[in-house]
A.B. asks: 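Let me give you the structure first, and then I'll get to my questions.
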Amino acid sequence: MKKLLIVYHSKNGSTGKMAGAVLRGARHPDIQVDVRLKLAREAGADDLLWCDGVILGTPENFGYMSGAMKDFFDRTYYPLEGKIEGLPYAIFISAGNDGRGALSSIHRIAKGYPLKEVHEPVISRGEVGDGTLAECEELGMFLAAGIESGVF
Ligand SMILES: Cc1cc2nc3c(=O)[nH]c(=O)nc-3n(C[C@H](O)[C@H](O)[C@H](O)COP(=O)(O)O)c2cc1C
């Protein structure tokens, strides 16, 4: 069975809500993919080696990804050099009013691995609403279905 990893950090729960919706979508009953949800601080290189695709979620903090997500990249980048080239990925972000700094900081690092972005990022600004949660669910479903069928 193909495998999908979801890695996220959330300090106050908004990104966590989004992660829950991504997980729901990825676990759609018609899609047979093994899904693993991990906190960024508990995820490592083994998780990235295990999966066929990854979805990354972070709040925007000080115009950047969260420290925990940055730490995840710091811990995995060199051990995985040349080992996960082209791994499909997507991003979801919870921000107070922006999100562009978190997005560009992830894009820049992901280019180094390099990972292959296969879906538009989902960015929530302010309170996470039902529309955003539906987008997150769709994101999870899209990645899981794409990984299952091998289209990426
Ligand atoms: C220390 C800190 C820094 C933040 N910096 C930004 C920022 O630069 N841009 C922004 O849009 N929101 C910023 N925010 C707001 C958070 O991104 C927003 O509240 C987000 O929904 C938090 O997600 P969480 O509940 O998953 O922790 C910041 C919040 C904190 C606590």
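Each residue takes its place number in the sequence, starting with 1.
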A.B. asks: Between Tyr77 and Phe72 (judged by ring centroids, cut-off 6.0 Å), do the two rings come close enough to count as a pair?
C.D. replies: no
A.B. asks: Nearest 0.5 Å, please: how far is OG in Ser104 from CE in Met65?
C.D. replies: 8.5 Å
A.B. asks: In terms of hydrophobic clusters joined by side-chain contacts under 4.5 Å, are Val33 and Leu48 together?
C.D. replies: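 No; tracing contacts between hydrophobic side chains, which count when under 4.5 Å, never links both residues.
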A.B. asks: Which value, rounded to the nearest 0.5 Å, describes the distance between Tyr64 atom OH and Ser105 atom OG?
C.D. replies: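 Tyr64 OH to Ser105 OG: 5.0 Å, rounded to 0.5 Å.
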A.B. asks: Run the side-chain contact (heavy atoms from CB on, under 4.5 Å) test on Glu148 and Gln32 for me, step by step, so that the C-alpha distance in whole Å, both residues' side-chain angles and the decisive distance to 0.1 Å come before the verdict.
C.D. replies: CA-CA 7 Å; Glu148 183 189 39; Gln32 303 308 313; 3.5 Å; yes
A.B. asks: Any side-chain heavy-atom pair from Met141 and Ile31 closer than 4.5 angstrom?
C.D. replies: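 Met141 vs Ile31: side chains touch.
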A.B. asks: Consider only side-chain N and O atoms of Thr76 and Tyr113, and report whether a donor and an acceptor are under 3.5 Å apart.
C.D. replies: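 Their side chains do contain a donor-acceptor pair, which is all the 3.5 Å distance test asks for.
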A.B. asks: Can you tell me if Arg41 has over 12 outside heavy atoms packed within less than 6.0 Å of its CZ?
C.D. replies: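 For Arg41, atom CZ is not crowded (no more than 12 foreign heavy atoms under 6.0 Å).
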A.B. asks: Are Glu85 and Pro114 side-chain neighbours, meaning at least one heavy-atom pair lies under 4.5 Å?
C.D. replies: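 The answer is yes, as the side chains (C-beta and beyond) meet within the 4.5 Å cut-off.
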A.B. asks: What I want to check is whether the side chains of Ser66 and Thr58 have a donor and an acceptor closer together than 3.5 Å.
C.D. replies: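 Present: a donor and an acceptor within the cut-off.
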A.B. asks: Do the side chains of Leu143 and Phe152 get nearer than 4.5 Å, heavy atoms only?
C.D. replies: yes
A.B. asks: State the OG-CD distance between Ser14 and Glu127, to the nearest 0.5 angstrom.
C.D. replies: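 Reported to 0.5 Å precision, the distance equals 6.5 Å.
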A.B. asks: Listed by chain and number, what are the side-chain hydrogen bond (donor to acceptor under 3.5 Å, both in side chains) partners of Glu138, not counting sequence neighbours?
C.D. replies: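 Expected list: His119.
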A.B. asks: Linking I/L/V/M/F/W/Y whenever any side-chain heavy atoms sit under 4.5 Å apart, do Phe73 and Leu5 land together?
C.D. replies: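 Same hydrophobic cluster.
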A.B. asks: Is there a chain of hydrophobic side chains (I, L, V, M, F, W, Y, each step under 4.5 Å between heavy atoms) that links Val118 to Leu56?
C.D. replies: no
A.B. asks: His9 and Ala68: which non-hydrogen atoms are nearest, and at how many Å?
C.D. replies: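 Taking every non-hydrogen atom into account, ND1-CB, 3.4 Å.
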A.B. asks: Establish whether Val54 and Tyr78 are linked, either directly or via other cluster members, by ILVMFWY side-chain heavy-atom contacts under 4.5 Å.
C.D. replies: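 Looking at the clustering, Tyr78 is in the same group as Val54.
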A.B. asks: Check for me, please, whether Val35 and Leu39 land in the same ILVMFWY cluster - side-chain distances under 4.5 Å, paths through other members count.
C.D. replies: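 They do share one cluster, since a chain of ILVMFWY contacts under 4.5 Å joins Val35 to Leu39.
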A.B. asks: With the threshold set at 4.0 Å, does a side-chain nitrogen-carboxylate oxygen contact exist between Lys38 and Asp47?
C.D. replies: yes
A.B. asks: Ring-plane angle category for His107 and Tyr89, please: parallel below 30°, perpendicular beyond 60°, tilted otherwise.
C.D. replies: perpendicular
A.B. asks: Please determine whether side-chain contact (heavy atoms from CB on, under 4.5 Å) holds for the pair Met69 and Val7, giving the CA-CA distance in whole Å, both sets of side-chain angles, and the decisive distance to 0.1 Å.
C.D. replies: CA-CA 8 Å; Met69 186 56 71; Val7 177; 4.1 Å; yes
A.B. asks: Check the pair Phe142, Ile147 against side-chain contact (heavy atoms from CB on, under 4.5 Å), reporting the backbone distance first and the verdict last.
C.D. replies: CA-CA 8 Å; Phe142 182 87; Ile147 285 168; over 6 Å; no
A.B. asks: Quick one: pull up CG in Leu133 and CZ in Phe92 and give me the separation to the nearest 0.5 Å.
C.D. replies: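 So the gap between those two atoms works out to 11.0 Å.
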A.B. asks: Restricting to non-hydrogen atoms, name the atom on Pro79 and the atom on Ala45 that form the minimum distance, rounded to 0.1 Å.
C.D. replies: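 Shortest heavy-atom separation between Pro79 and Ala45 comes out as CB-CB, 4.5 Å.
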A.B. asks: Taking C-beta and beyond as the side chain, do Asp52 and Leu4 meet within less than 4.5 Å on heavy atoms?
C.D. replies: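 Sidechains of Leu4 and Asp52: no contact.
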A.B. asks: Tyr8 versus Val22: any side-chain heavy-atom pair under 4.5 Å?
C.D. replies: no
A.B. asks: Nearest heavy-atom pair of Leu103 and Pro121: which atoms, and what distance?
C.D. replies: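 That would be CD1-CG, 3.5 Å.
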A.B. asks: Rounded to the nearest 0.5 Å, what separation is found between the CD atom of Glu42 and the CG atom of Leu37?
C.D. replies: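 The CG atom of Leu37 is 10.0 Å from CD of Glu42, to the nearest 0.5 Å.
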A.B. asks: Go through it in stages, so that I can follow the logic: the residues are Cys51 and Leu87, the test is side-chain contact (heavy atoms from CB on, under 4.5 Å), and I'd like the CA-CA distance, side-chain angles, deciding distance and then a yes or no.
C.D. replies: CA-CA 9 Å; Cys51 72; Leu87 187 74; 3.9 Å; yes
A.B. asks: So, do Ile55 and Ile91 sit near enough that their side-chain heavy atoms are less than 4.5 Å apart?
C.D. replies: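 Not touching, per the 4.5 Å side-chain cut-off.
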A.B. asks: With side chains defined as the heavy atoms from C-beta onward, is the minimum distance between Leu115 and Pro88 less than 4.5 Å?
C.D. replies: no
A.B. asks: Using atom types as modelled and distance alone, determine if a side-chain donor or acceptor of Glu60 lies under 3.5 Å from a backbone N or O of Ala95.
C.D. replies: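 It does not hold such a pair.
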A.B. asks: For the OG1 atom of Thr132 and the CG atom of Leu139, what is their distance to the nearest 0.5 Å?
C.D. replies: 12.0 Å
A.B. asks: Compare all side-chain heavy atoms of Met18 with those of Val122 and state whether any distance is below 4.5 angstrom.
C.D. replies: yes
A.B. asks: Identify the heavy atoms of Ser94 and Thr15 that sit nearest to each other, and give their distance.
C.D. replies: CB-OG1, 3.4 Å
A.B. asks: Hey, are Arg24 and Glu137 close enough for a salt bridge, meaning a charged N less than 4.0 Å from a carboxylate O?
C.D. replies: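 Yes.
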